[in-house]
Structure formats: C-alpha cells, structure tokens
Amino acid sequence: MTKTTTIGIIGTGVVGERIINQALQNEHYEIAAIFDTNEARTAQLAAKYNVPTTNDLQALLNLKPDWVYIGTPPVSHATLAAEIAKHKLHILSEKPLAHDAADGETMVRIANEANVQTAMHFPLMYGAAVHQLKQELAKDMGDITRIELHTYFPEWPRK
C-alpha cells in the first residue's frame, strides 16, 4: 500500500524514538527525515531504523513533509513551530504544548497566520485509564461538559 502521509521528526530522545517506531509500524506514514543537532544520535537512528536523518533543520523542512513532529523540550516548541509554519507545514507538537502560556499563545497565532493545521501528541490516550474512560462514556451519563487532566513531573525533562 502507498504511504499517504509524510512526517518529519524533530528530536531523537525517548519520545522521539517512540514516534519513529509508531510511524514505521503504520503503513499510512512515511518518515521524510529525522532531525537532531546530535550527529551521533542521528547516525545511530539512521543505522538502527534505515531512515533518512539530517542535522540541518532547513534540510528537513525543505523536504516538505505533510506534518512535522516537535519532540523536543517544551522551551523550544514555539521557536520550532514558527520555523515550521514559515514553510507552510502542519505541526504536531509533543505535550505539553509550550513552556508557558505566552509561548502557547504565540504558537496558536503563528499557526493561524500561516493557515496550517496543528495537533498535540498525547500518548497517555493509549493507556488503560483512557480505555476505561471510553467505556464509561459509552454508558448513558448525560452530556460531558468538561474533562481535565493535571499532571506533575518532579523532574523536567524526564529521564
């Protein structure tokens, strides 16, 4: 089957590697390239997964993938999103969306101005708690007006 969506991946940490694995297992995705400034890490991933890598952000963006995944620490998300939006590419950001509210508002503004789609990756949605929530919501509970999730990470970035 032909791949239908190309993705560029920024960041090669633990979560970035999970995204690489998920994309490789999905017949509808093709990795355009993986970007990181850590040359040893990108070389390691190129050998391990047989995927294109680059240490030049502009080289990744010039490939024009359908989506660019930001899998770096939140403090860099707004700056990266701005650069991705300049290229009119859709943005998939790791959670949390941004380092603070101001950066989050900047990301929303630049995406709107560039008329690009955005999404936020939330891997907890695949966990048992969310599965249980879906089962409960399938029951006649009435209209859901709000769901909140609060998390606390005592160390950031996480190991």
Rounded distance [0.5 Å steps], NZ in K86 versus CD1 in I110: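 Here the interatomic distance stands at 9.5 Å.
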Distance in Å, M107 CE paired with T79 OG1, rounded so as to fall on 0.5 Å steps: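 Atom-to-atom, M107:CE and T79:OG1 are 9.5 Å apart.
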Is a side-chain donor or acceptor of [X] paired with a backbone partner of [Y] at a separation under 3.5 angstrom?
X: H99; Y: S76; answer: no
X: N26; Y: Q22; answer: no
X: T4; Y: H28; answer: yes
X: K64; Y: H87; answer: yes

Which heavy atom in [X] sits nearest to a heavy atom in [Y], and how many Å separate them?
X: E94; Y: H121; result: OE1-ND1, 2.8 Å
X: P74; Y: P96; result: CG-CG, 3.6 Å
X: L63; Y: A33; result: CD1-CB, 3.6 Å
X: P65; Y: G8; result: CB-N, 3.5 Å
X: A81; Y: I91; result: O-CD1, 3.6 Å

Polar contact flag, side-chain donor to acceptor under 3.5 angstrom, E17-Y49: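 Indeed, the side chains of E17 and Y49 share at least one donor-acceptor pair under 3.5 Å.
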Donor-acceptor side-chain pairing of D66 and T5 below 3.5 angstrom: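 D66 vs T5: no donor-acceptor pair found between side chains.
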Check side chain to side chain contact (heavy atoms under 4.5 Å, CB included) between [X] and all other residues, then give those that pass, not counting sequence neighbours.
X: L57; answer: I10, F35, L60, L61, L80, E83
X: K139; answer: E136, M141
X: I31; answer: I7, I9, I20, A23, L24, I34, V51

Check against side chain to side chain contact (heavy atoms under 4.5 Å, CB included), T42 and L45: CA-CA 5 Å; T42 53; L45 293 175; 5.8 Å; no
Plane angle bin for H90 and W67 - parallel if under 30°, tilted between 30 and 60°, otherwise perpendicular: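 Correct class here is tilted.
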Atom CD of E39: over 12 foreign heavy atoms under 6.0 Å: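 Atom CD in E39 is not packed in, count stays at 12 or less.
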Hphob cluster co-occupancy, L92 + I70, side-chain heavy atoms under 4.5 angstrom: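 In one cluster: no.
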Heavy-atom side-chain contact between Y29 and I19 under 4.5 Å: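 A side-chain contact under 4.5 Å is absent here.
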From T106, L97, T72, residue fulfilling side chain to side chain contact (heavy atoms under 4.5 Å, CB included) relative to H77: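 That would be T72.
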